Novice: 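Take a look at the following structure, please.
What you see is a predicted model, and the numbers here were worked out from it, not measured in a lab. We count residues from 1, following the sequence as given. Keep in mind that the numbers below use all heavy atoms, side chains included, and drop hydrogens, waters and symmetry copies.
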Amino acid sequence: MNNKKFTLLLILISFFLVLQSNQFCQKKINENTFYVASWNVENLFDTFDEPTKDDSEFLPESEKQWTDARFDQKLSSLAKVVNYMNDGCAPDVLGLIEVENMNVIKLLAYKLRDRDYVIAHRESPDERGIDCALMYDRKIFGIVNVDTIKVNLPTGYKTRYILHVILNHFSSQSNIHFFINHWPSRRGGEAKSEPNRWAAAIALKTAVDSLLTLKKNEQIIMMGDFNDEPNNSSISKILSAKNFECQSDVVNSHYLLNLSYEKFVNGEGSYLFGTDWNMIDQLIISPALYDTNGLDYLCSSFEVIKPDFMISKSGSRIGG
């Protein structure tokens, strides 16, 4: 059996708007590789009031004056970044964090490259209506199952589900488990809010361990906004996601492999907090995705996407 490779990628959170590109993708679908990305799209809300959600911040009459024009501009800006990925062809799989509903995801998909995207999404109990979602190209993947994992916080506050999507990769006929995460924020301080992220880590770890207990070479990709960095206890201890070095022997590893760790150590990040870059958005894989058997992570392919058109050239967020 030929060893199939795939490329994982994490893109940088953008805090300002850009314009839609008119470039066209010239790249053909490669049966031996596929491209994965994850992005917190920062409050992708529509302009309609939904009585069951606290979405008043994103309405035309709100302080933000969230009008149809501003919403459409945000969609175009997000689309330019997504279309920039994968050598201008957009990702084969894209995890989305902070989306309000299925409708906003569809509207974003309409602005993307000529890809045949399918959306996997479930409504979360989050009081603001913030959800996670996954988009995938149906020419490359088929859906096997969509499920959610509830995170029970010590405070009893309702938070986002972890979205669990199983896709079948047609070329290799392999099933891959995708977990899309948006863990509780650091509101109130990192130390005070830490137990909330421990709860999210326990929920994810329990789900992953149950899969690996049944099949130790299960292919698993965890992505999203963890609101903690690779060396925080929620990631490194509870989830047991460790630093990953290419060419290392991970066949018998009892740890998950954090592809973000090396970039984090080198001072890169996905979120500019003050003047410091934080690597709170991460990609983590199971050892089976680097065991030279079947699908494998393409070594050193992980990167933080940061095209020049995303970078603020002035103001308090210069360089971010």
Novice: With sequence neighbours excluded, tell me which residues meet ring pair (Phe, Tyr, Trp, His ring centres under 6.0 Å) with F58.
Specialist: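 Testing F58 for ring pair (Phe, Tyr, Trp, His ring centres under 6.0 Å), a comparison that skips the adjacent residues, returns F45, W66.
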Novice: What residues form a ring pair (Phe, Tyr, Trp, His ring centres under 6.0 Å) with H121, not counting sequence neighbours?
Specialist: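 H121 satisfies ring pair (Phe, Tyr, Trp, His ring centres under 6.0 Å) with no other residue.
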Novice: How long is the straight-line distance from CG of D54 back to CG of D49, given to the nearest 0.5 Å?
Specialist: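 With rounding to 0.5 Å, CG (D49) is 9.5 Å from CG (D54).
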Novice: Not counting sequence neighbours, which residues clear salt bridge (charged side-chain N to carboxylate O under 4.0 Å, His left out) with D228? List them please.
Specialist: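 With sequence neighbours excluded, D228 shows a salt bridge (charged side-chain N to carboxylate O under 4.0 Å, His left out) to R186, R197, given in chain and number order.
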Novice: Can you name the side-chain contact (heavy atoms from CB on, under 4.5 Å) partners of K192, sequence neighbours left out?
Specialist: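 For K192 there are no side-chain contact (heavy atoms from CB on, under 4.5 Å) partners, ignoring immediate neighbours.
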Novice: Mind checking side-chain contact (heavy atoms from CB on, under 4.5 Å) for K237 and listing every partner two or more places apart, or none if nothing turns up?
Specialist: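 Listed in chain order: S233.
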Novice: Could you identify which residues cluster with I238, counting Ile, Leu, Val, Met, Phe, Trp and Tyr as linked when any side-chain heavy atoms lie under 4.5 Å apart, either directly or through a chain of such contacts?
Specialist: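 When side chains under 4.5 Å apart are linked, the cluster holding I238 also contains W198, I202.
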Novice: For atom CD of E262, decide whether the heavy atoms of other residues, nucleotides or ligands shown that lie under 6.0 angstrom number more than 12.
Specialist: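 Counting other residues, nucleotides and ligands, CD of E262 stays at 12 neighbours or fewer.
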Novice: I'd like to check the side-chain contact (heavy atoms from CB on, under 4.5 Å) partners of N231; sequence neighbours left out, ordered by chain and number.
Specialist: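 N231 satisfies side-chain contact (heavy atoms from CB on, under 4.5 Å) with E229, Y261, F264 once adjacent residues are dropped.
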Novice: What residues form a salt bridge (charged side-chain N to carboxylate O under 4.0 Å, His left out) with K205, not counting sequence neighbours?
Specialist: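 K205 satisfies salt bridge (charged side-chain N to carboxylate O under 4.0 Å, His left out) with D209 once adjacent residues are dropped.
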Novice: Go through the structure and list residues passing ring pair (Phe, Tyr, Trp, His ring centres under 6.0 Å) with F141, not counting sequence neighbours.
Specialist: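 Result, ring pair (Phe, Tyr, Trp, His ring centres under 6.0 Å) vs F141: F34, H169.
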Novice: Under the rule for side-chain contact (heavy atoms from CB on, under 4.5 Å), what residues qualify as partners of Y255, not counting sequence neighbours?
Specialist: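 Listed in chain order: S240, K242, S253.
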Novice: Assess K263 against F302: is NZ or CZ under 6.0 Å from the centre of the six-membered ring, and within 45 degrees of the ring's axis?
Specialist: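 So K263 doesn't make the cation-pi contact.
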Novice: List for me each residue that meets salt bridge (charged side-chain N to carboxylate O under 4.0 Å, His left out) alongside D116, sequence neighbours excluded, and say none if there are none.
Specialist: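 R138.
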Novice: List for me each residue that meets ring pair (Phe, Tyr, Trp, His ring centres under 6.0 Å) alongside F178, sequence neighbours excluded, and say none if there are none.
Specialist: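 Counting only residues at least two positions away or on another chain, F178 forms no ring pair (Phe, Tyr, Trp, His ring centres under 6.0 Å).
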